[in-house]
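Here's the structure we're looking at; comments come further down.
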Amino acid sequence: MDLSRKVSPSSRKTLYWPRMVPLRAIAITLLFAAWCSAQRSETAASGTVTGHVICADTNGPARIAHVVLQPVVDTTPAPKTGDHPRQISAAVTATLLDGSFTLPNIAPGDYYVFVEKLGYLSPFAQLSREDLNHPKPETAGLIAKLLTPVSVAANRTSTVEVRIYKGSAISGVIRFDDGAPDTNASVSVLTKDRTGKWIPFRTNLIAGPFGGATTDDQGHYRISGLPAGEYLLQTTLALTDIFVSGLFMESHSTSNNSRYSLNLYSGDSFRPRDAKSIKLNDGDEAGSVDITIPLSKLHAISGTVQDASSGRAINAGRVTILYSDDDTELAAANIDKEDSAFHFYYLPEGEYTLKVTSARDVTREEIPYPAGTVPPTHTVEKKLRDYDVEPQPLSIHSDITGIAIPAQIKSAARSPVTSQ
């Protein structure tokens, strides 16, 4: 049968159109189809993790807790010597009001479920990536208690139930010896590492708040979520210079520069070795751990480091106050670029050694950042000469001003130094 005679010209054109398609169009169509197939395969290669987080102390749901997965073993190559530390990123989700959560698009593999909630034990505070990659007998029990394993398979949903455990807490008041509260003061805890050295214990959560614990308007503080152990409480008397990009605005940028700080520990001691430690068992509430700041025994110290041959004040360097009996550091301050002097705004009475490092003469130039940057400028220093400075004994029983420390020229080496 002659089909062409039984159809209209327009129908005939439609019937034979595929034979007229250019080869390039066919190739593009095939490539698009292949891409779509690859995208479907990539999506299909992932799985989903769902579950509930339960508070072990109440058997109730852990509401608005934050959940994240970490591989049981991280096979990503470690950074080479000199490289920046490897950054590990992950999606964090919050549980709903019934404690449930869902983590989609998870690559197949074996994971641990990490959960953080204020007041409960945080796995991040007690376990490192190294602990997970190479578990040791002393960490095996901790891993089993704090982490829930889950296996993820492609195109499947894995379901887990996670239990989190209430931590211990330390609370109290930070005040001055005249009775006034120290408000908005930073408060932290220290714990001993495996060598017996006091080090900061991590209390910040991955989802915030990020500034750590601070005292309220009455000087009260509370630090929770602590595992059983021995701790020191630390507060800091700090002077901070702040640059703000805008006032009377709901949002703005800020830049902070610490001008001076002095630490004080539980037991009203200015150094850890003389501090009073706090021992906690599981679930303990240690209240009334107060610190009193002795205003009557704090004194201001200031002076200059001088070129011994000319008596001229050197305009850069760092001055450190050390305990004379063991050379541990009490406080440190930079030579101020405005007046070429060092200032310790408050130091406790006692016998110390004053040590100067990186003493040098410099020229300075303020270089502006792009408009809108905070701070608006940074300082570029050009070193003119270095100095040697002998340590000096320092006895503090009252305010001291006008201290003059002699320095000897070490070299005329010139090298650029940039500071912000």
Side-chain angles (χ1 to χ4, degrees), residues 170-191 198-204 208-223 231-245 252-275 289-303 317-323 328-339 341-350 352 354-355 357 374-375 379 396 399-400 419-420:
I170 301 173
S171 60
V173 180
I174 311 296
R175 60 169 67 91
F176 297 96
D177 59 5
D178 63 359
D182 187 14
T183 63
N184 200 35
S186 67
V187 186
S188 58
V189 291
L190 308 181
T191 188
W198 289 104
I199 60 171
F201 182 82
R202 181 188 186 274
T203 55
N204 286 354
F210 306 108
T214 57
T215 56
D216 64 14
D217 63 315
Q218 298 296 312
H220 296 279
Y221 75 90
R222 187 172 187 273
I223 300 175
Y231 298 92
L232 289 185
L233 184 73
Q234 174 185 293
T235 188
T236 302
L237 287 168
L239 297 177
T240 303
D241 297 320
I242 304 174
F243 185 91
V244 183
S245 63
H252 55 261
S253 299
T254 61
S255 175
N256 302 330
N257 177 58
S258 178
R259 180 161 31 122
Y260 182 71
S261 64
L262 180 68
N263 294 329
L264 186 61
Y265 304 91
S266 45
D268 301 344
S269 169
F270 286 96
R271 57 176 167 179
R273 83 169 198 185
D274 299 328
V289 182
D290 303 338
I291 292 179
T292 301
I293 303 166
L295 286 174
S296 57
K297 295 183 179 180
L298 294 178
H299 304 289
I301 308 297
S302 63
R318 187 163 181 82
V319 182
T320 305
I321 305 297
L322 306 172
Y323 285 98
T328 56
E329 181 177 317
L330 170 65
N334 291 324
I335 293 175
D336 195 304
K337 65 181 179 181
E338 301 298 333
D339 62 1
F342 59 85
H343 301 273
F344 291 88
Y345 296 92
Y346 28 76
L347 288 171
E349 296 178 357
Y352 304 100
L354 188 151
K355 184 178 181 181
T357 55
V374 177
T379 305
I396 300 177
D399 292 355
I400 306 174
S419 65
Q420 297 183 4

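The structure displayed is predicted, hence computed values, not measured ones.
- Across Thr292 and Asp268, no two heavy atoms sit closer than the pair N-OD1, 2.9 Å.
- With values rounded to the nearest 0.5 angstrom, Lys297 atom NZ is found 12.0 Å from Leu295 atom CG.
- Among Asp290, Thr214, Ile293, Leu237, the one residue that satisfies the side-chain contact (heavy atoms from CB on, under 4.5 Å) test with Ile174 is Ile293.
- Applying the side-chain contact (heavy atoms from CB on, under 4.5 Å) test to Ala341 and every residue at least two apart in sequence or in another chain returns Thr304, Asp339, His343.
- Taking CD of Gln234 as the start and CZ of Phe201 as the end, the distance is 15.0 Å to the nearest 0.5 Å.
- Listed here is the closest heavy atom pair of Val289 and Ser266: CG1-CB, 4.4 Å.
- Both tests pass for Arg259 against the ring of Tyr345: distance under 6.0 Å to the centre and angle within 45° of the axis.
- Using modelled atom types, one finds a donor on one side chain and an acceptor on the other under 3.5 Å when comparing Thr236 with Asn263.
- With values rounded to the nearest 0.5 angstrom, Ile301 atom CD1 is found 9.0 Å from Phe344 atom CZ.
- The two atoms that bring Tyr221 and Val187 nearest to each other are CD1-CG1, 3.9 Å, heavy atoms only.
- In this structure, CD in Glu329 is found 6.5 Å from CG in Leu322, a value given to the nearest 0.5 Å.
- A distance of 6.5 Å separates OH of Tyr260 from OH of Tyr346, quoted to the nearest 0.5 Å.
- In this structure, the ring of Tyr352 has its center less than 6.0 angstrom from the ring center of Tyr323.
- Tested against Leu262 for a side-chain contact (heavy atoms from CB on, under 4.5 Å), the candidates Leu239, Leu330, Ile321 yield a single pass: Leu330.
- Annotation: the span from Ile335 atom CD1 to Phe342 atom CZ amounts to 7.5 Å, rounded to 0.5 Å.
- What you find for Pro181 and Asp217 is that their closest heavy atoms are CG-O, 3.7 Å.
- Shortest non-hydrogen contact noted between Ser245 and Val374 is CB-CG2, 3.5 Å.
- For the residue pair Leu347 and Ala331, the shortest heavy atom distance occurs at CD2-CB, 3.9 Å.
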